[in-house]
Amino acid sequence: QLQAFGGGLVQAGDSLRLSCAASGRTLSNYDMGWFRQAPGKVREFVAGIRWSGRSGSVIVYSDSVKGRFTISRDNAKNTVYLQVNSLKPEDTAVYYCAARDALSWVTAAQAMDAAKYDHWGQGTLVTVSS
């Protein structure tokens, strides 16, 4: 089971670190992603991370967060993080972490496909005031 936490009410320009912890699963065995869903909007991809062997991880971001958000994983802590900086009011959403089979995407478009993620956690709400 996945659980996202670390959200909160912040002001524009602030930062947060969201965490995704797992129980009963070893996250290093999965490709991981972060998604978000704003009120009245469809769920959208935020960031994805895939292990790629000796060269480390392959990471993909949506254009709307590139340069502001950073996804990372700490296998020793069985946790995936999303560092969110320079927050904007339009970043307000419930943020979800999700897991899919390891090495299951090659292209960015594949990484963004929510239907391919098999395991979802409860989200954490991020509210950004202007």
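If you're wondering where the values come from, they're calculated on a predicted model, not measured in any experiment. Position 1 is the first residue of the sequence; numbering continues from there.
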[Y] and [X], any side-chain heavy atoms less than 4.5 Å apart:
X      : Y      : answer
Asp113 : Phe45  : no
Arg36  : Val126 : no
Glu44  : Val42  : no
Val65  : Val84  : no

Indicate the atoms forming the closest heavy-atom contact of [X] with [Y], along with that distance.
X      : Y      : answer
Asn78  : Ser28  : OD1-N, 4.5 Å
Asn85  : Ser15  : OD1-OG, 2.9 Å
Ala12  : Pro89  : CB-CD, 4.2 Å
Ser19  : Thr79  : CB-CG2, 4.1 Å
Ser104 : Arg100 : OG-NE, 2.7 Å
Ala111 : Tyr117 : O-OH, 2.7 Å

Do [X] and [Y] belong together in a cluster built from hydrophobic side chains that touch within less than 4.5 Å?
X     : Y     : answer
Leu82 : Phe5  : no
Val94 : Tyr81 : no
Leu18 : Leu87 : yes
Val80 : Leu2  : yes

*asked:* Please determine whether the number of non-hydrogen atoms from other residues, nucleotides or ligands lying under 6.0 Å from atom CD of Gln1 exceeds 12.
replied: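 Not buried by this count: 12 neighbours or fewer within 6.0 Å.
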*Would you indicate whether Gln37, at its atom CD, is surrounded by more than 12 heavy atoms from other residues, nucleotides or ligands within a distance under 6.0 Å?*
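Buried by this count: over 12 neighbours within 6.0 Å.
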*Is a side-chain N or O of Thr127 found less than 3.5 angstrom from the main chain of Thr92, in a donor-acceptor match?*
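Judged by distance alone, no pair lies under 3.5 Å.
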_Test item: Arg73 side-chain N/O and Leu27 main-chain N/O as donor-acceptor pair under 3.5 Å_ =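 Yes: the side chain of Arg73 pairs with the backbone of Leu27.
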How many angstroms lie between atom [atom1] of [X] and atom [atom2] of [Y], to the nearest 0.5 angstrom?
X      : Y      : atom1 : atom2 : answer
Gln11  : Ser130 : CD    : OG    : 9.0 Å
Gln122 : Gln3   : CD    : CD    : 5.0 Å
Asp101 : Asp31  : CG    : CG    : 8.0 Å
Arg17  : Ser72  : CZ    : OG    : 7.0 Å

_Students often mix this up, so state it plainly: with edges at 30° and 60°, are the rings of Tyr95 and Phe69 parallel, tilted or perpendicular?_
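Taking Phe69 first and then Tyr95, their aromatic rings sit tilted (interplane angle of 30° to 60°).
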*Fit a plane to each ring of Trp120 and Phe35, take the angle between them on a 0 to 90° scale, and name the class: parallel (under 30°), tilted (30 to 60°) or perpendicular (over 60°).*
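Tilted.
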*Modelled atom types, side-chain donor and acceptor of Ser62 and Ser64, under 3.5 Å*: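 On atom types as modelled, these side chains qualify, holding a pair under 3.5 Å.
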*asked:* Pairing donors with acceptors under 3.5 angstrom, does anything connect the side chains of Arg43 and Tyr96?
replied: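 Checked: Arg43/Tyr96 side chains show no N/O donor-acceptor pair below 3.5 Å.
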*Verify side chain to side chain contact (heavy atoms under 4.5 Å, CB included) between Trp105 and Lys116, making sure each step is shown before the conclusion.*
CA-CA 9 Å; Trp105 58 264; Lys116 297 298 184 182; over 6 Å; no
*Checking salt bridge (charged side-chain N to carboxylate O under 4.0 Å, His left out) for the pair Asp91/Arg68: CA distance, chi angles, key distance, verdict?*
CA-CA 11 Å; Asp91 293 318; Arg68 298 189 298 123; 2.7 Å; yes
*Are Ile71 and Tyr61 close enough, and set up right, to give a side chain to side chain contact (heavy atoms under 4.5 Å, CB included), and what steps lead you there?*
CA-CA 9 Å; Ile71 187 172; Tyr61 296 102; 3.7 Å; yes
